Amino acid sequence: MVELPPGFRFYPTEEELVSFYLHNKLDGKRQELHRVIPVIDIYNIEPWNLPMLAGERCRGDTEQWFFFTPRQEREARGGRPSRTTASGYWKATGSPGYVYSSDSRVIGVKKTMVFYKGKAPAGRKTKWKMNEYRAIEGVADSSSTSVPKLRHEFSLCRVYVISGSFRAFDRRPIEAAAEYAQLPGEAATTAAQATRMVENTSSTENSNSGGDHVDPPGTEGSAHWEMVNDLVQPPWDWERLKWP
């Protein structure tokens with residue numbers, strides 16, 4: 001394996017996670033993806049053991065870890081998936097959300113979950129949290145009343161620990177954006193977008209620092225909630241996507 005440069009981090013946006021990584025996995029393309037996002041049965045493993053199972057390119061990350069998890073047999077037969085481990089269980093929190101493309105189309109859906117130690121419903125809440133993403137077949141038109149098909153073969157899970165400061169996963173460090181701002185073409189555009197994302201989150205970060213991570217109402221776990229104010233909510237209900 002080629003040695004990675006100092007400071008290397010895998011820091012994808014939600015759009016990149018769904019449109020590139022999850023769709024390529026679902027379509028059986030880019031076999032090298034396992035070096036970044038391995039396939040595991042995430043609900044059979046305690047969350048604190050997950051970092052050591054991360055992809056070889058991301059194993060040193062201390063903030064977030066990514067995994068593909070296959071659909072469970074019981075879910076394939078029409079049942080509800082089991083989200084219970086030996087020591088506890090994952091419980092959904094907040095409202096499910098949509099993942100949008102850069103042109104404001106719905107490309108996926110997500111659930112945010114918190115890990116509880118013990119047996120439901122009397123478990124003890126921990127700081128382990130997870131965003132589970134599923135992809136929509138094709139790209140859904142937010143103005144269409146027809147319900148798109150949800151892909152169930154694999155989910156993509158982002159696991160992280162609640163910190164004492166505001167967490168915006170789409171954010172890039174200001175220093176990195178400035179360093180690449182003078183690059184030509186697409187690189188410069190990406191850097192400019194990153195700088196705007198940092199600026200958009202700076203005031204909110206200051207107001208939320210010092211305590212547990214707090215998501216805005218209805219956007220729990222969202223990676224880029226501050227950038228979706230003008231997005232159109234699809235007319236179809238979440239339940240019609242049939243994700244238990």
Side-chain angles (χ1 to χ4, degrees), residues 9-27 30 32-76 80-99 107-117 125-136 150-163 167-170 213 215 219-225 238 241-244:
R9 295 187 66 193
F10 180 56
Y11 218 61
T13 65
E14 286 191 326
E15 179 181 7
E16 291 165 345
L17 285 175
V18 174
S19 63
F20 180 81
Y21 291 95
L22 186 50
H23 268 289
N24 274 308
K25 182 63 179 177
L26 290 166
D27 295 338
R30 310 288 298 230
E32 70 276 13
L33 289 181
H34 73 276
R35 303 183 69 184
V36 179
I37 307 179
V39 177
I40 64 172
D41 187 351
I42 200 167
Y43 297 112
N44 278 341
I45 303 171
E46 309 302 341
W48 43 86
N49 292 330
L50 291 172
M52 66 185 70
L53 301 176
E56 62 186 58
R57 294 279 181 165
C58 305
R59 203 158 290 163
D61 202 322
T62 59
E63 182 178 8
Q64 56 180 336
W65 306 274
F66 301 86
F67 306 95
F68 292 119
T69 187
R71 176 170 56 177
Q72 299 176 4
E73 290 187 11
R74 62 187 296 175
E75 187 179 0
R80 298 185 64 85
S82 172
R83 297 189 174 99
T84 302
T85 71
S87 68
Y89 57 95
W90 290 96
K91 180 182 178 181
T93 180
S95 303
Y98 298 107
V99 179
I107 59 174
V109 292
K110 67 178 177 181
K111 285 185 179 181
T112 299
M113 287 175 276
V114 175
F115 188 77
Y116 287 75
K117 293 190 71 174
K125 186 177 181 180
T126 72
K127 291 190 174 184
W128 289 92
K129 208 167 182 181
M130 173 167 62
N131 294 340
E132 183 179 3
Y133 301 91
R134 293 200 181 180
I136 285 177
L150 194 63
R151 300 288 299 271
H152 294 278
E153 304 95 306
F154 283 95
S155 297
L156 196 160
C157 299
R158 183 206 306 264
V159 178
Y160 56 99
V161 178
I162 298 174
S163 67
R167 181 184 300 273
F169 286 118
D170 273 8
H213 164 60
D215 294 299
T219 60
E220 289 80 355
S222 174
H224 50 219
W225 63 269
W238 168 264
L241 291 171
K242 300 180 180 179
W243 185 8

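Because the structure is predicted, anything quoted here is derived from the model rather than measured.
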Atom pair [atom1] ([X]) and [atom2] ([Y]), whose distance is rounded to the nearest 0.5 Å:
| X | Y | atom1 | atom2 | result |
| --- | --- | --- | --- | --- |
| F20 | E15 | CZ | CD | 12.5 Å |
| I37 | N24 | CD1 | CG | 10.5 Å |
| Q64 | C157 | CD | SG | 13.0 Å |
| F115 | I162 | CZ | CD1 | 13.0 Å |
| I136 | S19 | CD1 | OG | 12.5 Å |
| S155 | L26 | OG | CG | 8.5 Å |

Check your understanding: Going by an N to O cut-off under 4.0 Å, is there a salt bridge joining R134 and E75?
Key -> yes
Practice item. Output, in order, the C-alpha distance, side-chain angles, deciding distance and verdict of side chain to side chain contact (heavy atoms under 4.5 Å, CB included) for K25 and L156. Key: CA-CA 9 Å; K25 182 63 179 177; L156 196 160; over 6 Å; no
**Study point:** Stepwise side chain to side chain contact (heavy atoms under 4.5 Å, CB included) test for M113 and W128
**Key:** CA-CA 9 Å; M113 287 175 276; W128 289 92; over 6 Å; no
Point to revise | Partner residues of E153 under the side chain to side chain donor-acceptor pair (under 3.5 Å) criterion, sequence neighbours left out | key: R151
Can you confirm whether [X] sits close enough to [Y] that some side-chain heavy atom of one is under 4.5 Å from a side-chain heavy atom of the other?
| X | Y | value |
| --- | --- | --- |
| V39 | F67 | no |
| P12 | F66 | yes |
| L53 | W65 | no |

Exercise for review: Begin from the C-alpha positions of K110 and E14 and carry the test salt bridge (Lys or Arg N to Asp or Glu O under 4.0 Å) through to its verdict.
Suggested key: CA-CA 10 Å; K110 67 178 177 181; E14 286 191 326; 2.8 Å; yes
Check your understanding: Can you tell which of H34, R35, R30 makes a side-chain hydrogen bond (donor to acceptor under 3.5 Å, both in side chains) with E32?
Key -> R30
Review point. In a check of side chain to side chain contact (heavy atoms under 4.5 Å, CB included) between I42 and each of N44, I45, I40, which one passes?
Key: I40
**Study point:** Axial cation check for Y160 ring with K129, 6.0 Å and 45° limits
**Key:** no
Check your understanding: Between S82 and W90, is a side chain to side chain contact (heavy atoms under 4.5 Å, CB included) present by the stated rule, with each step listed?
Key -> CA-CA 9 Å; S82 172; W90 290 96; over 6 Å; no
Practice item. Please test E46 against K117 for side chain to side chain contact (heavy atoms under 4.5 Å, CB included), starting from the C-alpha separation and ending with a verdict. Key: CA-CA 10 Å; E46 309 302 341; K117 293 190 71 174; over 6 Å; no
**Study point:** Close aromatic pair by centroid cut-off 6.0 Å: F10 and Y21
**Key:** yes
